Amino acid sequence: MTTKLILRALAGETLPTPPIWMMRQAGRYLPEYRATRAKAGDFLSLCYNSDLAAEVTLQPIRRYGFDAAILFADILLLPQALGADLWFEGGEGPRLSTITTMAGVRALKPADAIHDHLAPIYQTVRILTSELPRETTLIGFAGAPWTVASYMIAGRGTKDQGPAHALKSADRATFTALIDRITQGTIEYLSMQVQAGAEVIKLFDSWAGSLKGQDFTDFAVKPVACIIATLKARHPGLPIIAFPREAGDGYIGFAKATGADCVALDNSITPEWAADQVQPSGCVQGNLDPAHMVTGGQGLTDATRRVVQAFRGGPHIFNLGHGITPEANPDNVARMIEAVRG
Ligand code: CP3
């Protein structure tokens, strides 16, 4: 029987104190992260330097004793492995070469040709497997196909995923071919992370909230269900967390529709609503507003306790509703953990 708290929650156990980790826990709010990134040169060089990527993954575990470590990498490394150009504009975020035609999709590499490019990521996982404390769970991850496609089509982050929605209406065949290619690549990528030692997988669908109605079913549910079914067939018992961010009512029934063991919740919904509507079908993760990591104080303690209280009747992994931001104060993270565990 496993004693790792995250694995117990994912198996459906209601624990007296929820296990805890934090999206973007290795990141710019930490001085030790900024120092290691400077040593690597830039963000992408850090992702592909296995020793330094393992080092930044371990930093928040050493500082705070989180129950899980998440592999340090990025959802946009897969498009790069599939053949897209990728770079980061200082302070502005990611830029990619765009794909808007069937010829563009066909020019991508096949799903099984990504592994040479991604070998350093698998090596980071192997290093972490031997260096993490024995009670800490290692989470691997990828972007969900819709979110990854939205970056590959627009060539950058967009507020409303306009270019991806436009391609979906104008050229459905190209759009679905791209979704399928990403889905297949994601399965191979995550399978290798699991073989290298990842114990849990998380799928980030950061832009699921802009898919409505049948589009939500076709592009937020179906590709994720396909990835989960294939991974679970290859790796029996593998726990999977899905994060259809800002799905709203789409959270209801999402675990059952996709086969996910846990649904991660953003902070646009209240924990009381989610405890009532989502948690009865399984483990949930979330959902403290990351703004509290900047503002701190009694407001942070109260909001943290409210999340713990709302979810205490069922399986729950404490987390933020989205990634911690660079302006966050590291002392507030300690205060949040104290409010959860203390
Ligand atoms: O959570 C973790 O600590 C693990 C590592 C991780 C990163 N990105 C590191 C990162 C994970 C899980 C991601 C996921 C990711 N990447 C998502 C999905 C989650 C979400 O935030 O919605 C998305 C959409 C991306 C794409 C991406 N990467 C963007 C839009 C940006 C720029 C925005 C920003 O925060 O600067 C990145 C860069 C990035 N990925 C950073 C980190 C630590 C900051 C880069 C830096 O250090 O300069």
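Since this is a predicted model, take the numbers as computed values, not measurements. In this chain, numbering begins with 1 at the start of the sequence shown. One-based numbering, in listed order, for ligands and for the atoms of each.
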(message) Please determine whether a side-chain nitrogen of the Lys or Arg among R156 and E89 lies less than 4.0 Å from a carboxylate oxygen of the Asp or Glu.
(response) no
(request) Indicate whether the side chain of R306 and that of Q309 have a donor and an acceptor atom separated by less than 3.5 Å. (result) no
(request) With atom 34 (C) of ligand 1 as the reference point, say which of K202, R245, R28, Q59 has the nearest heavy atom. (result) R28
(request) Check ligand 1 against A73 and write out every atom of the ligand that is under 4.0 Å from a heavy-atom position of the residue. (result) 5 (C), 6 (C), 7 (C), 8 (N), 9 (C)
(message) Assess whether a salt bridge exists between K168 and D218, defined as any Lys/Arg side-chain N lying under 4.0 Å from an Asp/Glu carboxylate O.
(response) no
(message) Hydrogens and angles aside, do Y48 and Q123 bring a side-chain donor and acceptor to less than 3.5 Å of each other?
(response) no
(message) With heavy-atom distances below 4.0 Å as the criterion, list the atoms of ligand 1 near A26.
(response) 3 (O), 43 (C)
(request) Do me a favour and list the nearest non-hydrogen protein atom to atom 38 (C) of ligand 1 with residue, atom name and distance? (result) F88 CE2, 3.5 Å
(message) Less than 4.0 angstrom from a charged side-chain N to a carboxylate O is my criterion; do R234 and E188 meet it?
(response) yes
(request) Just need the protein heavy atom nearest to atom 14 (C) of ligand 1, so name the residue and atom and give the distance. (result) I75 CG2, 3.7 Å
(message) Below 30° counts as parallel, above 60° as perpendicular, anything between as tilted: where do the rings of H322 and F243 land?
(response) tilted
(message) Going by the closest heavy atom to atom 33 (C) of ligand 1, which one wins out of M23, R24, E92, R37?
(response) R24
(request) Kindly check if the number of other-residue, nucleotide or ligand heavy atoms within 6.0 Å of CZ (R172) is above 12? (result) yes
(message) Given F141, Y29, W21, W207, identify the one with the heavy atom nearest to atom 11 (C) of ligand 1.
(response) F141
(message) Counting non-hydrogen protein atoms only, what is the nearest one to atom 24 (C) of ligand 1? Give residue, atom name and distance.
(response) Y151 OH, 3.3 Å
(message) Under a 4.0 angstrom heavy-atom cut-off, which atoms of ligand 1 come close to Y33?
(response) 43 (C), 46 (C), 47 (O)
(message) For atom 20 (C) of ligand 1, what is the closest protein heavy atom, and at what distance to 0.1 Å?
(response) H322 NE2, 3.1 Å
(request) Below 4.0 angstrom from a heavy atom of S206, which ligand 1 atoms are there? Numbered from 1 as shown, please. (result) 18 (C), 19 (C), 20 (C), 22 (O), 24 (C)
(message) Give the atom numbers and elements of ligand 1 that come within less than 4.0 Å of a heavy atom of F204.
(response) 12 (C), 18 (C), 19 (C)
(request) Could you list which atoms of ligand 1 come closer than 4.0 Å to a heavy atom of L71? (result) 4 (C), 5 (C)
(message) On a heavy-atom basis, which atom in S206 and which in T147 lie closest, and how many Å separate them?
(response) N-OG1, 3.0 Å
(message) Judged on heavy-atom distance to atom 26 (C) of ligand 1, which of L30, T36, D74 sits nearest?
(response) D74
(request) Below 4.0 angstrom from a heavy atom of Q25, which ligand 1 atoms are there? Numbered from 1 as shown, please. (result) 3 (O)
(message) What I want to find out is whether R62 reaches E55 closely enough, with some N-O distance under 4.0 Å, to be called a salt bridge.
(response) yes
(request) Taking atom types as modelled, find out whether Y189 and H115 have a side-chain donor-acceptor pair closer than 3.5 angstrom. (result) no
(message) Under 4.0 Å from a heavy atom of P94: which atoms of ligand 1 are those, numbered in the order shown and with their elements?
(response) 29 (C), 30 (C), 31 (C), 32 (C)
(request) Starting from atom 45 (C) of ligand 1, find the nearest protein heavy-atom neighbour and note its residue, name and distance. (result) F43 CD1, 3.5 Å
(request) May I ask you to decide whether D249 forms a salt bridge with K212, counting only side-chain N to carboxylate O separations under 4.0 Å? (result) no
